[in-house]
Protein chains: 2
Amino acid sequence: MHDLLLSHLSKHISLSDEEAAKLTTYFEPKVFKKKAYLCRVGEIFREATFVDQGCFVTYSFDKNGKTHVAQVASEGWWAGDIYSFLTQKPSDYFVESFENSTVLQISKAGLETLYLEIPKMERYFRIIIQNAYISMRERMMAAMSKPAMQRYMEFLEAYPGIDQRVPQYVVASYLGIRPEFLSRIRKKLARR
Amino acid sequence: MHDLLLSHLSKHISLSDEEAAKLTTYFEPKVFKKKAYLCRVGEIFREATFVDQGCFVTYSFDKNGKTHVAQVASEGWWAGDIYSFLTQKPSDYFVESFENSTVLQISKAGLETLYLEIPKMERYFRIIIQNAYISMRERMMAAMSKPAMQRYMEFLEAYPGIDQRVPQYVVASYLGIRPEFLSRIRKKLARR
DNA sequence: TGAATTTATTGAACTAGATCATTTTTATAG
DNA sequence: CTATAAAAATGATCTAGTTCAATAAATTCA
């Protein structure tokens with residue numbers, strides 16, 4: 001049940017067997033059907049959510065009613081809105097499951113207790129935020145300097161298989177283009 | 001000398017007078033002339049750098065030789081490449097002073113020692129990274145959903161005065177547009 | 001299964017922003 | 001203070017990506 005989480009943790013910190021055992025008691029398994037919401041705009045994102053199976057999309061609507069995808073998270077990623085979770089302020093995003101999914105969740109309070117019991121976890125979450133920051137910065141730089149087709153190809157490399165699991169308009173929005181244009185890019189790529 | 005740093009810290013954590021006094025010994029004041037480099041591509045960004053006076057620009061060149069500005073930092077901000085500092089891996093950026101500047105610096109090792117002496121500082125830096133992440137995310141979403149003129153106006157609001165202190169091509173690059181186009185935007189805005 | 005709904009494709013016209021080349025303005029060093 | 005270099009402005013042209021509307025394909029669910 002907690003295997004994927006533990007193996008993910010072990011990439012960043014090393015835990016003894018007792019620590020691992022203790023840790024798992026803090027994370028509650030939960031199931032979400034496709035099209036369930038972990039959070040809606042204005043709500044606080046209360047549970048840090050590690051994806052064990054399935055996938056989640058974090059997105060918002062702008063004033064023109066257009067969707068903007070902030071994150072796509074599948075197995076082995078943290079889904080949702082880190083910022084709302086950490087600050088316990090209302091989120092600007094919807095977080096929705098795009099497949100039937102199973103996750104492991106921990107509340108802010110639970111996490112604070114866990115930090116006291118296993119201080120290494122503080123380090124782990126600092127690294128997670130750090131990585132979120134750097135990947136956001138890279139995406140930002142890419143959006144500004146690379147044409148959409150190249151961004152799409154790099155997306156396919158970076159998140160293999162994801163394009164089969166979420167609708168194309170989600171991918172388009174993640175890339176910062178309109179679905180019609182992604183369709184044309186795909187057509188061009190197919191012809192070769 | 002350390003006033004600005006202390007008042008900045010006090011926005012996020014509260015320090016006793018002794019802690020404040022101790023803390024200041026960890027931060028080394030340093031002066032950089034205009035056009036000095038805190039770091040070049042491929043170098044490790046070794047000193048976390050708090051800007052007391054002046055301003056710094058973090059930027060890279062893409063394969064077409066175009067500049068991309070990742071950050072502009074003036075008084076009261078941390079300048080440079082957080083990621084390279086935290087991981088002590090080579091930076092992908094240049095960090096250059098655009099005015100004669102004075103800063104306060106602390107090395108990674110110094111920071112680790114400081115964490116042991118004043119654990120609250122760990123919290124402070126977690127918040128700093130968190131904020132860096134959220135502002136990057138906002139900039140990302142803005143780049144994808146708002147036209148350049150609006151982004152420029154919001155930039156002027158968010159960083160008042162900065163547009164007078166760095167060349168316009170830096171602002172343009174920060175906004176993700178070419179300097180010629182920023183020039184046209186400014187002309188349009190002036191006529192009203 | 002098949003009707004209803006959602007998603008993806010395609011075409012034609014359009015536009016925000018880029019590119020390139022030239023000129024003007026501003027800053028800088030000596 | 002002036003000569004030189006760097007930055008900004010401007011005009012003309014171009015293009016990556018958008019918009020809108022219509023059609024086709026794929027999902028969903030009763």
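Numbers restart at 1 for each chain; the letters A, B, ... are given by sequence-line order, proteins then strands.
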Base, sugar-phosphate or nothing for [X]? Non-hydrogen atoms, less than 4.0 Å.
X: B:Lys34; result: sugar-phosphate
X: B:Tyr169; result: sugar-phosphate
X: A:Pro179; result: nothing
X: B:Lys66; result: sugar-phosphate

Euclidean distance, atom [atom1] of residue [X] to atom [atom2] of [N] [Å, nearest integer]:
X: B:Met144; N: D:dG17; atom1: CE; atom2: P; result: 11 Å
X: A:Ile185; N: C:dA8; atom1: CD1; atom2: P; result: 14 Å
X: B:Phe181; N: D:dC14; atom1: CZ; atom2: P; result: 19 Å
X: A:Leu182; N: C:dT9; atom1: CG; atom2: P; result: 8 Å

Check your understanding: side chain to side chain contact (heavy atoms under 4.5 Å, CB included) between A:Thr58 and A:Phe94: does it pass, once the steps are laid out?
Key -> CA-CA 6 Å; A:Thr58 301; A:Phe94 294 91; over 6 Å; no
Before accepting this row, confirm whether a basic side-chain N of the pair [X]/[Y] lies closer than 4.0 Å to the acidic partner's carboxylate O.
X: B:Arg165; Y: B:Glu99; value: yes
X: A:Glu112; Y: A:Lys108; value: yes
X: A:Glu19; Y: A:Lys120; value: yes

Within the structure, does a side-chain N or O atom of [X] lie under 4.0 Å from either OP1 or OP2 of [N]?
X: A:Lys187; N: C:dT9; result: no
X: B:Lys33; N: C:dT28; result: no
X: A:Gln168; N: C:dT9; result: yes

Revision key, fill the gap. Heavy-atom nearest nucleotide on DNA chain C taken for A:Val166 and for B:Arg184; more 5' hit belongs to A:Val166
Practice item. Assess whether one donor atom and one acceptor atom, taken from the side chain of A:Arg178 and the base of C:dT15, lie less than 3.5 Å apart. Key: no
Point to revise | Donor-acceptor side-chain pairing of A:Tyr93 and A:His68 below 3.5 angstrom | key: no
**Study point:** DNA chain D: 5'-proximal contact among B:Lys35 and B:Glu180 (nearest heavy atom)
**Key:** B:Lys35
